[in-house]
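Since the structure comes first, as structure tokens, the remarks are kept for the end.
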Amino acid sequence: MTYKILVAEDDTDIQEVLRLYLVNSGFEVVSAYDGSEAFELMLSEKPDLALLDIMMPVINGYELTKKIREISNIPIIILSAMNADSDKILGLDIGADDYITKPFNPLEVIARIQSNLRRKYKLDSSAAEENGDMLTVGELKLDTKKFILYKNGKEIILTPTEFKILSLFMEKPGMVFTKAQIYQRINGDFYETDDNTMMVHISKLRDKLGDNSKSPTYIKTVRGLGYKIEKKK
């Protein structure tokens, strides 16, 4: 299968570099120079992943991310010169799956695109094969075939990253996973810069589960080790 990548970037040199590396890696590419054009391509071309700059004309990358999240759960990677932790947290908080700062190594961009695509479209189904399509922990039921989470029968929308993290926890309730283990499982690769990113994903997941971060019901922090989901009867 050939995946289609939407590249929204107003710097023509950067856009051409990205196109060259993406095409050479076997991807189909559609490009936009501003956020409005990118959203139109999102509707007409239906890409499998979006790579978005922040500082674009008409509609910036943050607003574009929110607009895309209203209609799609495809992986979104922000590519930006804004490298403060607050910028990264904001991007992840509004729905992006990953955040890469400029200047960047094109090979790392390709690696992160591939890992995000694996996460979204090639989710590990080993647990579903062994235990059926539904994982259950307390009030939570995770449909591993339809990629839907239910809590007390109510559907909760998850990003691809959140789904992968939660499915890992629910496959082995009570087991502690380090941040590196979680990222290696869902991405295949772990970078030192992923540490804060993981904390944001866990925080967002807790919010969706209705967990109090100071006294969570489900996802527990094991100090000095990592995270686990509590076993429930």
Less than 4.5 Å apart, side chain to side chain, heavy atoms only: is that true for [X] and [Y]?
X    : Y    : answer
I229 : L166 : yes
I74  : M42  : yes
L205 : D211 : no
M199 : K179 : yes
R112 : L79  : no
P75  : D98  : no
I68  : L52  : yes

Single-linkage hydrophobic cluster, 4.5 Å side-chain cutoff, [X] and [Y] together:
X    : Y    : answer
I113 : V17  : yes
V23  : L117 : yes
Y33  : F39  : no
Y150 : I156 : no
I77  : Y21  : yes

Might you point out which heavy atoms bring [X] and [Y] nearest each other, and give the distance in Å?
X    : Y    : result
F163 : I148 : CE1-N, 4.2 Å
H201 : I165 : CB-CD1, 3.8 Å
T101 : F104 : O-CB, 3.7 Å
V29  : S31  : CG1-OG, 3.7 Å
M56  : G35  : CE-CA, 4.0 Å
L6   : A38  : CD2-O, 3.7 Å

Partners meeting side-chain hydrogen bond (donor to acceptor under 3.5 Å, both in side chains) with [X] (sequence neighbours left out):
X    : result
K220 : none
D93  : K204
E45  : K4
K102 : E9, D53

Got a sec, which hydrophobics cluster with [X], joining ILVMFWY side chains under 4.5 Å apart, including via others?
X    : value
I157 : none
V176 : V222, L225
I94  : I54, M55, Y62, I78, M82, L90, Y99

Within the side chain of [X], is there an N or O that forms a donor-acceptor pair under 3.5 Å with the backbone of [Y]?
X    : Y   : answer
S44  : E40 : yes
N116 : L49 : no
E16  : D11 : no

**Message:** Test of understanding: with salt bridge (charged side-chain N to carboxylate O under 4.0 Å, His left out), list the residues that count as partners of E162, not counting sequence neighbours.
**Reply:**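 K208.
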
How far does [atom1] of [X] sit from [atom2] of [Y], to the nearest 0.5 angstrom?
X    : Y    : atom1 : atom2 : value
T161 : K164 : OG1   : NZ    : 10.5 Å
I5   : I110 : CD1   : CD1   : 8.0 Å
Q15  : D10  : CD    : CG    : 9.0 Å
T217 : E139 : OG1   : CD    : 8.0 Å
T144 : L149 : OG1   : CG    : 12.0 Å
L22  : E28  : CG    : CD    : 11.5 Å

Partners meeting side-chain contact (heavy atoms from CB on, under 4.5 Å) with [X] (sequence neighbours left out):
X    : answer
L168 : F177, I182, R185
S36  : D34, V58, I59
S203 : D207

**Message:** Quick test of your reading: applying salt bridge (Lys or Arg N to Asp or Glu O under 4.0 Å), list the pairs with at least one residue in residues 67-79, sequence neighbours left out, ordered by first then second residue.
**Reply:**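 Applying salt bridge (Lys or Arg N to Asp or Glu O under 4.0 Å) to every pair that reaches into residues 67-79, excluding sequence neighbours, yields R69-D97.
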
**Request:** For the pair F169 and Y227, name the ring-plane relationship: parallel under 30°, tilted 30 to 60°, perpendicular over 60°.
**Result:**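 Aromatic pair F169/Y227 classed tilted.
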
**Request:** Take atom NZ of K151 as the centre, draw a 6.0 Å sphere, and report whether it contains more than 12 heavy atoms from other residues, nucleotides or ligands.
**Result:**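 Atom NZ in K151 is crowded, with more than 12 foreign heavy atoms closer than 6.0 Å.
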
**Request:** Go through the steps to decide whether Q114 and F27 satisfy the test side-chain contact (heavy atoms from CB on, under 4.5 Å), and finish with yes or no.
**Result:** CA-CA 10 Å; Q114 291 171 335; F27 295 109; 3.9 Å; yes

